[in-house]
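A quick write-up on the structure given underneath.
Keep in mind that what you see is a predicted model, and the values were worked out from it rather than measured.
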Amino acid sequence: QVQLVESGGGLVQPGGSLRLSCAASGSIFSIYVMGWYRQAPGKQRELVAAITSSGSTNYYADSAKGRFTISRDNAKNTVYLQMNSLKPEDTAVYYCKVVVRTTAAGNDMEYWGKGTLVTVSS
């Protein structure tokens, strides 16, 4: 079993910053991909940023480029999302997603966090 614990959400003013964290624990052989999604009221969930296990390949949604930075600490099985220059349209519930292999012979599995709310408002 793999558990994800998200933290760092909250209320900030436009132009402010937040740092989201997602720590994975449990039976983990390796983590291949870690990413952040968000879902605003009335909208479908969208991918914001993702990072591979090596850290050599990062993905950012167009709306996040230049403002958000994704990183990971493999020793802690933790992924971070540094969000700067936040805008009201960034308001959403942010979800952590990981793709892991629980055993050497097992298949890859996808896990989701429960989400953390980010509200950008003046």
Side-chain angles (χ1 to χ4, degrees):
Q1 186 180 27
V2 175
Q3 298 82 225
L4 303 180
V5 179
E6 300 148 313
S7 63
L11 174 64
V12 298
Q13 294 184 332
S17 299
L18 284 175
R19 186 184 186 227
L20 305 183
S21 299
C22 175
S25 62
S27 181
I28 301 174
F29 178 76
S30 62
I31 300 178
Y32 295 107
V33 182
M34 305 186 82
W36 290 95
Y37 289 71
R38 69 185 181 189
Q39 187 166 22
K43 297 183 179 180
Q44 65 180 17
R45 191 170 299 184
E46 63 176 344
L47 176 62
V48 179
I51 187 169
T52 60
S53 60
S54 67
S56 62
T57 303
N58 294 353
Y59 168 83
Y60 296 98
D62 288 341
S63 60
K65 291 179 180 177
R67 300 188 299 124
F68 294 3
T69 302
I70 190 169
S71 61
R72 64 190 296 172
D73 185 335
N74 290 337
K76 297 181 178 180
N77 288 332
T78 300
V79 63
Y80 307 93
L81 185 67
Q82 178 66 46
M83 304 187 294
N84 299 325
S85 301
L86 284 163
K87 305 174 182 179
E89 51 263 42
D90 294 318
T91 297
V93 176
Y94 285 71
Y95 297 90
C96 177
K97 173 190 172 182
V98 301
V99 179
V100 308
R101 179 163 291 181
T102 56
T103 66
N107 59 314
D108 296 340
M109 300 185 68
E110 181 180 290
Y111 294 89
W112 290 86
K114 295 181 179 179
T116 183
L117 177 63
V118 172
T119 302
V120 185
S121 176
S122 59

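Ionic pairing of Arg38 and Glu46 is present here: one or more N-O contacts between side-chain nitrogen and carboxylate oxygen are shorter than 4.0 angstrom. A salt bridge does not link Lys87 with Asp90: every distance from a Lys NZ or Arg NE/NH1/NH2 to an Asp or Glu carboxylate oxygen is 4.0 Å or more.
For Lys65 and Tyr60, the side-chain atoms include no donor-acceptor pair closer than 3.5 Å. Asn84 and Ser17 form a side-chain donor-acceptor contact under 3.5 Å, judged by distance and modelled atom types alone.
Of all heavy-atom pairs spanning Val79 and Cys96, the tightest one is CG1-SG, 3.9 Å. Of all heavy-atom pairs spanning Tyr95 and Gly113, the tightest one is CD2-O, 3.6 Å. Of all the heavy atoms in Tyr94 and Glu6, the pair that sits closest is O-OE2, 3.7 Å.
Under the 4.5 Å side-chain heavy-atom criterion for Ile, Leu, Val, Met, Phe, Trp and Tyr, Leu11 and Phe68 are members of distinct hydrophobic clusters. One hydrophobic cluster, built from ILVMFWY side chains closer than 4.5 Å, cannot hold both Val99 and Tyr111; they sit in different ones.
Using a 4.5 Å cut-off on side-chain heavy atoms (C-beta onward), Arg72 and Ile70 make no contact.
Considering CG of Asn58 and CD1 of Ile51, their distance stands at 4.5 Å, rounded to 0.5 Å. To the nearest 0.5 Å, atom OG1 of residue Thr69 and atom CE of residue Met83 are 11.0 Å apart.
Within the 3.5 Å criterion, the main-chain N or O of Ser27 finds no donor-acceptor partner in the side chain of Thr102. Without hydrogens or angle criteria, Thr91 side chain to Glu89 main chain gives no donor-acceptor distance under 3.5 Å.
A cation-pi arrangement is present between Arg19 and Tyr80 under the rule of less than 6.0 angstrom and at most 45 degrees off the ring axis. Within the cation-pi definition used here (under 6.0 Å to the ring centroid, within 45° of the axis), Arg101 does not qualify as a partner of Tyr32.
Two rings, from Trp112 and Tyr37, have their centers less than 6.0 Å apart.
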